Protein chains: 2
Amino acid sequence: MTGGTPPETEAPGTEASSVRGRLLAAASRLFYARGINATGIDAVIAEAGVAKQSLYNTFSSKDELTRAYVTARHEEWLELYRARVAQADCPRDRVLAVVDAYLDHASGTYEHGFRGCGLLNAAAEFPAGSPGREAVRRHKEQVQSLIAGHLAETGSADPELAEHLAFLLEGAMSRAGLEGRPDLLLSARRLAAGMLDPRPDARRDAR
Amino acid sequence: MTGGTPPETEAPGTEASSVRGRLLAAASRLFYARGINATGIDAVIAEAGVAKQSLYNTFSSKDELTRAYVTARHEEWLELYRARVAQADCPRDRVLAVVDAYLDHASGTYEHGFRGCGLLNAAAEFPAGSPGREAVRRHKEQVQSLIAGHLAETGSADPELAEHLAFLLEGAMSRAGLEGRPDLLLSARRLAAGMLDPRPDARRDAR
DNA sequence: CGCTCGGTAGACCGATCAGTCTAGTGAGGG
DNA sequence: CCCTCACTAGACTGATCGGTCTACCGAGCG
(Lines give C-alpha, C1' and ligand atoms only; values in the text may rest on other atoms or scores of the structure.)
Protein backbone atom coordinates (compact mmCIF):
# COMPACT_ATOMS: atom_id res chain seq x y z
CA MET A 1 0.00 0.00 0.00
CA THR A 2 3.04 2.19 0.01
CA GLY A 3 2.51 2.38 -3.73
CA GLY A 4 5.61 4.08 -4.96
CA THR A 5 4.63 6.36 -7.80
CA PRO A 6 6.92 6.17 -10.81
CA PRO A 7 9.77 8.69 -10.94
CA GLU A 8 8.10 11.86 -12.04
CA THR A 9 9.65 14.56 -14.14
CA GLU A 10 6.33 16.32 -14.54
CA ALA A 11 3.18 16.59 -12.48
CA PRO A 12 2.17 13.16 -11.15
CA GLY A 13 -0.03 11.21 -13.49
CA THR A 14 0.13 13.65 -16.34
CA GLU A 15 2.14 11.34 -18.59
CA ALA A 16 0.30 10.82 -21.85
CA SER A 17 0.70 7.04 -21.58
CA SER A 18 -0.75 6.41 -18.13
CA VAL A 19 -4.43 5.79 -17.59
CA ARG A 20 -4.67 8.90 -15.46
CA GLY A 21 -2.88 10.99 -18.05
CA ARG A 22 -5.08 9.78 -20.88
CA LEU A 23 -8.22 10.39 -18.83
CA LEU A 24 -7.14 13.90 -17.96
CA ALA A 25 -6.25 14.67 -21.57
CA ALA A 26 -9.59 13.33 -22.79
CA ALA A 27 -11.52 15.17 -20.09
CA SER A 28 -9.62 18.32 -20.92
CA ARG A 29 -10.57 18.17 -24.59
CA LEU A 30 -14.22 17.30 -23.99
CA PHE A 31 -14.86 19.50 -20.96
CA TYR A 32 -13.33 22.44 -22.76
CA ALA A 33 -15.20 21.91 -26.02
CA ARG A 34 -18.64 20.89 -24.70
CA GLY A 35 -18.69 21.99 -21.08
CA ILE A 36 -18.54 19.79 -18.01
CA ASN A 37 -22.19 19.03 -17.32
CA ALA A 38 -22.83 18.30 -20.98
CA THR A 39 -20.03 15.73 -21.09
CA GLY A 40 -20.89 12.23 -19.91
CA ILE A 41 -18.53 9.76 -18.29
CA ASP A 42 -18.97 7.40 -21.22
CA ALA A 43 -17.75 10.05 -23.65
CA VAL A 44 -14.66 10.62 -21.53
CA ILE A 45 -13.67 6.97 -21.35
CA ALA A 46 -14.33 6.51 -25.06
CA GLU A 47 -12.12 9.50 -25.87
CA ALA A 48 -9.42 8.23 -23.53
CA GLY A 49 -9.67 4.65 -24.82
CA VAL A 50 -10.00 3.37 -21.29
CA ALA A 51 -12.42 1.11 -19.44
CA LYS A 52 -15.00 2.61 -17.14
CA GLN A 53 -13.65 0.74 -14.15
CA SER A 54 -10.21 2.22 -14.79
CA LEU A 55 -11.69 5.67 -14.46
CA TYR A 56 -13.26 4.79 -11.14
CA ASN A 57 -10.03 3.16 -9.98
CA THR A 58 -8.29 6.48 -10.66
CA PHE A 59 -10.95 8.98 -9.65
CA SER A 60 -13.62 8.30 -7.09
CA SER A 61 -16.28 10.26 -8.99
CA LYS A 62 -16.88 12.60 -11.86
CA ASP A 63 -16.61 15.38 -9.34
CA GLU A 64 -13.06 14.38 -8.52
CA LEU A 65 -12.22 14.14 -12.21
CA THR A 66 -13.61 17.63 -12.60
CA ARG A 67 -11.45 18.92 -9.76
CA ALA A 68 -8.39 17.27 -11.31
CA TYR A 69 -9.28 18.90 -14.63
CA VAL A 70 -9.38 22.35 -13.02
CA THR A 71 -6.10 21.77 -11.21
CA ALA A 72 -4.40 20.44 -14.32
CA ARG A 73 -5.53 23.35 -16.44
CA HIS A 74 -4.28 25.78 -13.84
CA GLU A 75 -0.89 24.10 -13.81
CA GLU A 76 -0.70 23.96 -17.59
CA TRP A 77 -1.21 27.70 -17.68
CA LEU A 78 1.47 28.21 -15.02
CA GLU A 79 3.83 26.15 -17.16
CA LEU A 80 3.17 28.33 -20.19
CA TYR A 81 3.64 31.42 -18.05
CA ARG A 82 6.94 30.20 -16.58
CA ALA A 83 8.31 29.46 -20.02
CA ARG A 84 7.34 32.93 -21.21
CA VAL A 85 8.60 34.76 -18.16
CA ALA A 86 11.97 33.01 -18.44
CA GLN A 87 12.44 34.54 -21.88
CA ALA A 88 11.54 38.06 -20.77
CA ASP A 89 14.45 40.19 -19.64
CA CYS A 90 12.80 43.29 -18.24
CA PRO A 91 9.87 43.74 -15.85
CA ARG A 92 7.75 45.22 -18.61
CA ASP A 93 8.17 42.11 -20.72
CA ARG A 94 7.47 39.92 -17.72
CA VAL A 95 4.11 41.60 -17.31
CA LEU A 96 3.45 40.94 -20.96
CA ALA A 97 4.53 37.34 -20.43
CA VAL A 98 1.27 36.87 -18.54
CA VAL A 99 -0.61 37.92 -21.66
CA ASP A 100 1.62 35.73 -23.78
CA ALA A 101 0.78 32.72 -21.65
CA TYR A 102 -2.88 33.24 -22.49
CA LEU A 103 -1.95 33.66 -26.14
CA ASP A 104 -0.09 30.37 -26.05
CA HIS A 105 -3.07 28.70 -24.44
CA ALA A 106 -5.39 30.17 -27.06
CA SER A 107 -3.29 29.09 -30.02
CA GLY A 108 -3.05 25.62 -28.52
CA THR A 109 -6.80 25.10 -28.36
CA TYR A 110 -7.68 27.09 -31.43
CA GLU A 111 -7.87 24.32 -33.97
CA HIS A 112 -10.36 22.35 -31.94
CA GLY A 113 -12.70 25.31 -31.45
CA PHE A 114 -11.49 28.17 -29.31
CA ARG A 115 -13.95 28.95 -26.52
CA GLY A 116 -11.98 31.28 -24.26
CA CYS A 117 -10.61 30.46 -20.84
CA GLY A 118 -11.41 26.89 -19.85
CA LEU A 119 -11.25 27.73 -16.17
CA LEU A 120 -13.66 30.61 -16.46
CA ASN A 121 -16.01 28.46 -18.52
CA ALA A 122 -15.81 25.75 -15.88
CA ALA A 123 -16.53 28.26 -13.14
CA ALA A 124 -19.72 29.24 -14.96
CA GLU A 125 -20.98 25.70 -14.33
CA PHE A 126 -20.10 25.64 -10.64
CA PRO A 127 -22.48 26.86 -7.94
CA ALA A 128 -21.71 30.02 -6.02
CA GLY A 129 -19.46 28.91 -3.19
CA SER A 130 -18.27 25.55 -4.50
CA PRO A 131 -14.66 24.34 -4.27
CA GLY A 132 -14.28 24.37 -8.05
CA ARG A 133 -15.36 27.96 -8.26
CA GLU A 134 -13.02 28.90 -5.44
CA ALA A 135 -10.15 27.24 -7.29
CA VAL A 136 -10.82 29.33 -10.37
CA ARG A 137 -11.11 32.43 -8.20
CA ARG A 138 -7.67 31.71 -6.72
CA HIS A 139 -6.24 31.13 -10.19
CA LYS A 140 -7.42 34.53 -11.38
CA GLU A 141 -6.16 36.15 -8.19
CA GLN A 142 -2.78 34.56 -8.81
CA VAL A 143 -2.70 35.92 -12.34
CA GLN A 144 -3.32 39.39 -11.00
CA SER A 145 -0.72 39.02 -8.27
CA LEU A 146 1.86 37.84 -10.81
CA ILE A 147 1.19 41.02 -12.76
CA ALA A 148 1.42 43.07 -9.56
CA GLY A 149 4.72 41.42 -8.69
CA HIS A 150 6.27 42.29 -12.03
CA LEU A 151 4.96 45.82 -11.77
CA ALA A 152 6.60 46.07 -8.36
CA GLU A 153 9.93 45.21 -10.01
CA THR A 154 9.64 48.39 -12.00
CA GLY A 155 9.48 50.38 -8.77
CA SER A 156 6.12 51.86 -9.60
CA ALA A 157 4.03 49.37 -7.66
CA ASP A 158 0.54 50.49 -8.54
CA PRO A 159 -2.12 48.00 -7.38
CA GLU A 160 -4.72 49.81 -9.45
CA LEU A 161 -2.65 49.24 -12.56
CA ALA A 162 -2.32 45.54 -11.79
CA GLU A 163 -6.07 45.28 -11.36
CA HIS A 164 -6.61 47.23 -14.56
CA LEU A 165 -4.33 44.93 -16.53
CA ALA A 166 -5.90 41.82 -15.01
CA PHE A 167 -9.39 43.00 -15.93
CA LEU A 168 -8.27 43.96 -19.41
CA LEU A 169 -6.71 40.57 -19.99
CA GLU A 170 -9.66 38.69 -18.57
CA GLY A 171 -12.17 40.58 -20.67
CA ALA A 172 -10.11 40.17 -23.81
CA MET A 173 -9.97 36.42 -23.23
CA SER A 174 -13.74 36.22 -22.84
CA ARG A 175 -14.41 38.28 -25.92
CA ALA A 176 -11.81 36.37 -27.92
CA GLY A 177 -13.59 33.17 -26.98
CA LEU A 178 -16.98 34.52 -27.97
CA GLU A 179 -15.72 35.81 -31.30
CA GLY A 180 -13.63 32.73 -31.94
CA ARG A 181 -10.74 35.09 -32.56
CA PRO A 182 -7.69 34.50 -30.39
CA ASP A 183 -6.10 37.48 -32.12
CA LEU A 184 -8.21 39.76 -29.91
CA LEU A 185 -5.64 38.91 -27.27
CA LEU A 186 -3.10 40.69 -29.45
CA SER A 187 -5.20 43.82 -29.14
CA ALA A 188 -5.14 43.42 -25.39
CA ARG A 189 -1.40 42.90 -25.49
CA ARG A 190 -0.97 46.09 -27.48
CA LEU A 191 -3.19 48.02 -25.08
CA ALA A 192 -1.32 46.61 -22.10
CA ALA A 193 2.03 47.48 -23.66
CA GLY A 194 0.77 51.02 -24.21
CA MET A 195 -0.07 51.33 -20.55
CA LEU A 196 3.33 50.05 -19.51
CA ASP A 197 5.37 52.35 -21.71
CA PRO A 198 6.62 55.40 -19.83
CA ARG A 199 5.56 57.87 -22.55
CA PRO A 200 2.09 59.20 -21.62
CA ASP A 201 1.39 60.26 -25.20
CA ALA A 202 3.20 58.78 -28.24
CA ARG A 203 0.40 56.33 -28.79
CA ARG A 204 -0.56 55.06 -32.17
CA ASP A 205 2.80 53.57 -33.01
CA ALA A 206 0.90 51.08 -35.10
CA ARG A 207 2.96 48.06 -35.74
CA MET B 1 -54.67 32.45 -37.23
CA THR B 2 -54.36 36.22 -36.99
CA GLY B 3 -53.97 35.65 -33.23
CA GLY B 4 -54.19 39.13 -31.77
CA THR B 5 -51.69 39.39 -28.95
CA PRO B 6 -52.88 41.39 -25.95
CA PRO B 7 -51.93 45.09 -25.89
CA GLU B 8 -48.34 45.12 -24.77
CA THR B 9 -46.65 47.90 -22.86
CA GLU B 10 -43.52 45.83 -22.32
CA ALA B 11 -41.89 42.97 -24.14
CA PRO B 12 -44.53 40.37 -25.08
CA GLY B 13 -45.10 37.76 -22.42
CA THR B 14 -42.87 39.32 -19.82
CA GLU B 15 -45.77 40.18 -17.47
CA ALA B 16 -45.18 38.58 -14.10
CA SER B 17 -48.69 37.14 -14.05
CA SER B 18 -48.76 35.27 -17.34
CA VAL B 19 -47.58 31.70 -17.65
CA ARG B 20 -44.84 32.77 -20.00
CA GLY B 21 -43.71 35.55 -17.69
CA ARG B 22 -43.58 33.28 -14.67
CA LEU B 23 -41.68 30.64 -16.59
CA LEU B 24 -39.13 33.16 -17.82
CA ALA B 25 -38.70 34.60 -14.33
CA ALA B 26 -38.23 31.15 -12.83
CA ALA B 27 -35.84 30.06 -15.57
CA SER B 28 -33.92 33.29 -15.11
CA ARG B 29 -33.41 32.69 -11.40
CA LEU B 30 -32.49 29.03 -11.72
CA PHE B 31 -30.40 29.21 -14.90
CA TYR B 32 -28.44 32.09 -13.44
CA ALA B 33 -27.86 30.49 -10.05
CA ARG B 34 -27.22 26.87 -11.10
CA GLY B 35 -26.40 27.03 -14.78
CA ILE B 36 -28.57 25.86 -17.65
CA ASN B 37 -27.56 22.24 -18.07
CA ALA B 38 -27.72 21.65 -14.34
CA THR B 39 -31.29 22.92 -14.17
CA GLY B 40 -34.02 20.44 -15.00
CA ILE B 41 -37.38 21.21 -16.52
CA ASP B 42 -39.10 19.97 -13.38
CA ALA B 43 -37.22 22.51 -11.26
CA VAL B 44 -38.30 25.31 -13.60
CA ILE B 45 -41.99 24.45 -13.52
CA ALA B 46 -41.90 23.98 -9.74
CA GLU B 47 -40.26 27.39 -9.30
CA ALA B 48 -42.77 28.96 -11.68
CA GLY B 49 -45.73 27.20 -10.09
CA VAL B 50 -46.89 25.98 -13.47
CA ALA B 51 -47.83 22.63 -14.97
CA LYS B 52 -45.39 20.87 -17.24
CA GLN B 53 -47.81 20.91 -20.14
CA SER B 54 -48.13 24.69 -19.80
CA LEU B 55 -44.40 25.00 -20.36
CA TYR B 56 -44.61 22.91 -23.51
CA ASN B 57 -47.63 24.90 -24.68
CA THR B 58 -45.50 28.03 -24.39
CA PHE B 59 -42.08 26.78 -25.46
CA SER B 60 -41.56 23.88 -27.81
CA SER B 61 -38.50 22.62 -25.96
CA LYS B 62 -36.00 23.43 -23.24
CA ASP B 63 -33.81 24.76 -26.02
CA GLU B 64 -36.41 27.34 -26.93
CA LEU B 65 -36.82 28.29 -23.28
CA THR B 66 -33.07 28.74 -23.13
CA ARG B 67 -33.11 30.99 -26.17
CA ALA B 68 -35.91 33.04 -24.64
CA TYR B 69 -33.88 33.32 -21.44
CA VAL B 70 -30.88 34.69 -23.32
CA THR B 71 -33.03 37.16 -25.24
CA ALA B 72 -34.84 38.31 -22.12
CA ARG B 73 -31.61 38.85 -20.21
CA HIS B 74 -30.20 40.86 -23.07
CA GLU B 75 -33.27 43.06 -23.13
CA GLU B 76 -33.28 43.50 -19.37
CA TRP B 77 -29.74 44.80 -19.59
CA LEU B 78 -30.69 47.13 -22.42
CA GLU B 79 -33.49 48.48 -20.25
CA LEU B 80 -31.08 49.15 -17.37
CA TYR B 81 -28.71 50.81 -19.82
CA ARG B 82 -31.40 53.02 -21.34
CA ALA B 83 -32.50 54.20 -17.92
CA ARG B 84 -28.92 55.06 -16.99
CA VAL B 85 -28.06 56.74 -20.26
CA ALA B 86 -31.15 58.91 -20.01
CA GLN B 87 -29.84 60.36 -16.75
CA ALA B 88 -26.38 61.08 -18.11
CA ASP B 89 -25.92 64.55 -19.59
CA CYS B 90 -22.48 64.38 -21.16
CA PRO B 91 -20.83 61.81 -23.42
CA ARG B 92 -18.39 60.86 -20.69
CA ASP B 93 -21.23 59.98 -18.34
CA ARG B 94 -22.99 58.10 -21.09
CA VAL B 95 -19.96 55.87 -21.48
CA LEU B 96 -20.03 55.27 -17.75
CA ALA B 97 -23.76 54.54 -18.03
CA VAL B 98 -22.75 51.27 -19.69
CA VAL B 99 -20.78 50.37 -16.58
CA ASP B 100 -23.64 51.51 -14.39
CA ALA B 101 -26.03 49.20 -16.19
CA TYR B 102 -23.81 46.28 -15.21
CA LEU B 103 -23.67 47.61 -11.67
CA ASP B 104 -27.45 47.72 -11.57
CA HIS B 105 -27.63 44.18 -12.86
CA ALA B 106 -25.10 43.04 -10.26
CA SER B 107 -26.88 44.65 -7.34
CA GLY B 108 -30.13 43.13 -8.53
CA THR B 109 -28.86 39.57 -8.45
CA TYR B 110 -26.50 40.01 -5.51
CA GLU B 111 -28.72 38.76 -2.74
CA HIS B 112 -29.40 35.46 -4.46
CA GLY B 113 -25.73 34.75 -5.10
CA PHE B 114 -23.90 36.94 -7.53
CA ARG B 115 -22.20 34.89 -10.24
CA GLY B 116 -21.20 37.53 -12.80
CA CYS B 117 -22.73 38.05 -16.21
CA GLY B 118 -25.56 35.61 -16.83
CA LEU B 119 -25.09 35.80 -20.57
CA LEU B 120 -21.40 35.04 -20.41
CA ASN B 121 -22.09 32.16 -18.04
CA ALA B 122 -24.72 30.85 -20.43
CA ALA B 123 -22.31 31.14 -23.35
CA ALA B 124 -19.86 28.93 -21.46
CA GLU B 125 -22.41 26.12 -21.71
CA PHE B 126 -23.08 26.55 -25.42
CA PRO B 127 -21.04 24.78 -28.10
CA ALA B 128 -18.71 26.75 -30.31
CA GLY B 129 -20.91 27.96 -33.15
CA SER B 130 -24.36 27.59 -31.61
CA PRO B 131 -27.13 30.19 -31.92
CA GLY B 132 -27.07 30.88 -28.20
CA ARG B 133 -23.38 31.59 -28.23
CA GLU B 134 -23.80 33.85 -31.25
CA ALA B 135 -26.51 35.77 -29.41
CA VAL B 136 -24.19 36.42 -26.50
CA ARG B 137 -21.43 37.41 -28.92
CA ARG B 138 -23.76 39.98 -30.50
CA HIS B 139 -24.76 41.27 -27.08
CA LYS B 140 -21.15 41.91 -26.14
CA GLU B 141 -20.47 43.49 -29.51
CA GLN B 142 -23.41 45.80 -28.94
CA VAL B 143 -22.06 46.80 -25.55
CA GLN B 144 -18.77 47.73 -27.17
CA SER B 145 -20.47 49.61 -29.99
CA LEU B 146 -22.57 51.57 -27.49
CA ILE B 147 -19.35 52.62 -25.80
CA ALA B 148 -17.83 53.49 -29.16
CA GLY B 149 -20.88 55.56 -30.05
CA HIS B 150 -20.65 57.63 -26.90
CA LEU B 151 -16.94 58.07 -27.41
CA ALA B 152 -17.66 59.34 -30.90
CA GLU B 153 -19.90 62.03 -29.37
CA THR B 154 -16.83 63.42 -27.65
CA GLY B 155 -15.18 63.93 -31.02
CA SER B 156 -12.26 61.69 -30.15
CA ALA B 157 -13.55 58.55 -31.77
CA ASP B 158 -10.90 56.05 -30.79
CA PRO B 159 -11.92 52.47 -31.59
CA GLU B 160 -9.01 51.19 -29.56
CA LEU B 161 -10.31 53.01 -26.52
CA ALA B 162 -13.76 51.53 -26.97
CA GLU B 163 -12.28 48.07 -27.18
CA HIS B 164 -10.13 48.76 -24.16
CA LEU B 165 -13.11 49.89 -22.10
CA ALA B 166 -15.21 46.94 -23.26
CA PHE B 167 -12.49 44.48 -22.26
CA LEU B 168 -11.98 46.22 -18.94
CA LEU B 169 -15.67 46.08 -18.15
CA GLU B 170 -16.03 42.48 -19.23
CA GLY B 171 -13.07 41.34 -17.18
CA ALA B 172 -14.24 43.24 -14.13
CA MET B 173 -17.64 41.58 -14.38
CA SER B 174 -16.07 38.12 -14.56
CA ARG B 175 -13.78 38.75 -11.62
CA ALA B 176 -16.58 40.35 -9.61
CA GLY B 177 -18.64 37.21 -10.17
CA LEU B 178 -15.78 34.93 -9.13
CA GLU B 179 -15.07 36.93 -5.99
CA GLY B 180 -18.73 37.40 -5.21
CA ARG B 181 -17.95 41.09 -4.95
CA PRO B 182 -20.02 43.32 -7.22
CA ASP B 183 -18.05 46.26 -5.84
CA LEU B 184 -15.17 45.26 -8.12
CA LEU B 185 -17.26 46.89 -10.82
CA LEU B 186 -16.76 50.16 -8.95
CA SER B 187 -13.01 49.72 -9.43
CA ALA B 188 -13.60 49.26 -13.12
CA ARG B 189 -15.81 52.33 -13.15
CA ARG B 190 -13.08 54.36 -11.48
CA LEU B 191 -10.47 53.07 -13.93
CA ALA B 192 -12.74 53.81 -16.87
CA ALA B 193 -13.47 57.30 -15.58
CA GLY B 194 -9.74 57.90 -15.26
CA MET B 195 -9.24 56.96 -18.90
CA LEU B 196 -12.03 59.27 -20.01
CA ASP B 197 -10.83 62.34 -18.17
CA PRO B 198 -8.87 64.65 -20.45
CA ARG B 199 -5.96 65.10 -18.01
CA PRO B 200 -3.26 62.60 -18.95
CA ASP B 201 -1.77 62.76 -15.45
CA ALA B 202 -3.77 64.02 -12.43
CA ARG B 203 -4.72 60.53 -11.47
CA ARG B 204 -5.38 59.49 -7.94
CA ASP B 205 -8.16 61.97 -7.33
CA ALA B 206 -9.52 59.43 -4.91
CA ARG B 207 -13.18 59.86 -4.28
C1' DC C 1 -77.48 24.64 -19.78
C1' DG C 2 -73.46 22.68 -22.31
C1' DC C 3 -69.32 23.53 -24.93
C1' DT C 4 -64.72 25.23 -25.41
C1' DC C 5 -60.34 26.07 -23.78
C1' DG C 6 -56.36 27.38 -20.93
C1' DG C 7 -54.68 25.49 -17.30
C1' DT C 8 -53.29 21.72 -13.54
C1' DA C 9 -51.70 17.22 -11.77
C1' DG C 10 -49.19 13.58 -12.51
C1' DA C 11 -48.46 9.03 -14.78
C1' DC C 12 -45.69 7.58 -18.26
C1' DC C 13 -41.90 6.97 -22.08
C1' DG C 14 -37.30 6.10 -23.87
C1' DA C 15 -32.83 7.88 -23.33
C1' DT C 16 -29.05 8.94 -20.70
C1' DC C 17 -26.82 9.77 -16.56
C1' DA C 18 -23.20 8.42 -12.72
C1' DG C 19 -21.71 4.60 -10.71
C1' DT C 20 -21.30 -0.71 -9.58
C1' DC C 21 -20.41 -5.36 -10.64
C1' DT C 22 -18.82 -9.51 -13.04
C1' DA C 23 -15.98 -11.95 -16.06
C1' DG C 24 -12.09 -12.27 -18.62
C1' DT C 25 -7.26 -11.11 -20.39
C1' DG C 26 -2.44 -10.51 -20.51
C1' DA C 27 2.02 -9.11 -18.76
C1' DG C 28 5.39 -9.66 -15.00
C1' DG C 29 7.45 -11.78 -11.19
C1' DG C 30 7.92 -15.45 -7.64
C1' DC D 1 4.64 -22.80 -13.70
C1' DC D 2 1.08 -20.20 -11.59
C1' DC D 3 -0.34 -16.28 -9.16
C1' DT D 4 -1.15 -11.44 -8.92
C1' DC D 5 -2.77 -7.35 -10.50
C1' DA D 6 -3.78 -3.60 -13.57
C1' DC D 7 -6.65 -3.31 -17.06
C1' DT D 8 -10.67 -4.17 -20.53
C1' DA D 9 -15.47 -5.08 -22.03
C1' DG D 10 -19.77 -4.50 -21.10
C1' DA D 11 -24.05 -5.76 -18.51
C1' DC D 12 -26.54 -3.75 -15.01
C1' DT D 13 -28.95 -0.39 -11.44
C1' DG D 14 -31.52 3.38 -9.89
C1' DA D 15 -32.11 8.05 -10.65
C1' DT D 16 -33.05 11.77 -13.58
C1' DC D 17 -33.44 13.78 -17.88
C1' DG D 18 -36.56 16.06 -21.69
C1' DG D 19 -40.81 15.33 -23.48
C1' DT D 20 -45.66 13.20 -24.21
C1' DC D 21 -50.13 11.76 -22.82
C1' DT D 22 -54.36 11.31 -20.21
C1' DA D 23 -57.69 12.96 -17.06
C1' DC D 24 -59.63 16.53 -14.85
C1' DC D 25 -60.98 21.21 -13.45
C1' DG D 26 -63.18 25.69 -13.75
C1' DA D 27 -64.03 30.07 -15.92
C1' DG D 28 -66.25 32.31 -19.87
C1' DC D 29 -69.58 32.38 -23.20
C1' DG D 30 -73.26 31.31 -26.52
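Just so you know, these numbers use all the heavy atoms, side chains as well, and skip hydrogens, waters and symmetry mates. Within every chain, numbering begins at 1; the chains are lettered A, B, ... in the order of the sequence lines, protein sequences first and strands thereafter. Since we're looking at a predicted model, the values are computed, not measured.
In terms of heavy atoms, A:Arg84 sits closest to A:Ala101 at CG-N, 4.2 Å. Contact between B:Leu151 and B:Asp158 at its shortest, heavy atoms only, is CD1-O, 4.1 Å. The two residues A:Thr154 and A:Pro91 come nearest to each other via the heavy atoms CG2-CB, 3.4 Å. Residues A:Ser61 and A:Tyr56 come closest through the heavy atom pair CA-CE2, 4.0 Å.
For the OP1/OP2 pair of C:dT8 and a distance below 4.0 Å, the side-chain nitrogens and oxygens of B:Ser54 include at least one atom meeting the criterion.
With contacts defined as side-chain heavy-atom distances shorter than 4.5 Å, the pair A:Trp77/A:Val143 qualifies. A:Leu165 has its side chain out of reach of A:Val98: every pair of non-hydrogen atoms, C-beta onward, lies at least 4.5 Å apart. Side-chain atoms of B:Tyr32 and B:Phe114, non-hydrogen and from C-beta on, do get closer than 4.5 Å to each other. Two residues are said to be in side-chain contact when any heavy atoms from C-beta on lie closer than 4.5 Å; A:Arg137 and A:Glu141 meet this criterion. A:Leu120 has its side chain within reach of A:Ser174: a pair of non-hydrogen atoms, C-beta onward, lies under 4.5 Å apart.
Nucleotide D:dC7 holds its P atom 12 Å from the CZ atom of A:Phe59, rounded to whole Å. Per the geometry, CG belonging to B:Asn57 stands 11 Å off C1' belonging to C:dC5, to the nearest Å. Per the geometry, CD1 belonging to A:Ile45 stands 12 Å off C1' belonging to C:dC17, to the nearest Å. Residue A:Leu55 contributes atom CG, which lies 17 Å from atom P of D:dG10 at whole-angstrom precision.
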Could I get a table of every N or O pair under 3.5 Å where one atom is in the protein and the other is in nucleotides 18-22 of chain C?
{"from": "C:dA18", "atom 1": "OP1", "to": "A:Lys62", "atom 2": "NZ", "distance (Å)": "2.9"}
{"from": "C:dA18", "atom 1": "OP2", "to": "A:Ile41", "atom 2": "N", "distance (Å)": "2.7"}
{"from": "C:dG19", "atom 1": "OP2", "to": "A:Tyr56", "atom 2": "OH", "distance (Å)": "3.0"}
{"from": "C:dG19", "atom 1": "OP2", "to": "A:Lys62", "atom 2": "N", "distance (Å)": "2.7"}
{"from": "C:dG19", "atom 1": "N7", "to": "A:Lys52", "atom 2": "NZ", "distance (Å)": "3.1"}
{"from": "C:dG19", "atom 1": "O6", "to": "A:Lys52", "atom 2": "NZ", "distance (Å)": "2.4"}
{"from": "C:dC21", "atom 1": "N4", "to": "A:Gln53", "atom 2": "NE2", "distance (Å)": "2.6"}

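If you run salt bridge (Lys or Arg N to Asp or Glu O under 4.0 Å) between B:Asp100 and each of B:Arg189, B:Arg94, B:Arg82, only B:Arg189 comes through.
Using a 4.0 Å cut-off on heavy atoms, none of the residues of residues 124-132 of chain B approach DNA chain C. A heavy-atom distance below 4.0 Å to DNA chain C is reached by none of the residues of residues 25-32 of chain B.
B:Lys62 contributes a side-chain N or O that, together with a main-chain N or O of B:Ile36, makes up a donor-acceptor pair within less than 3.5 Å.
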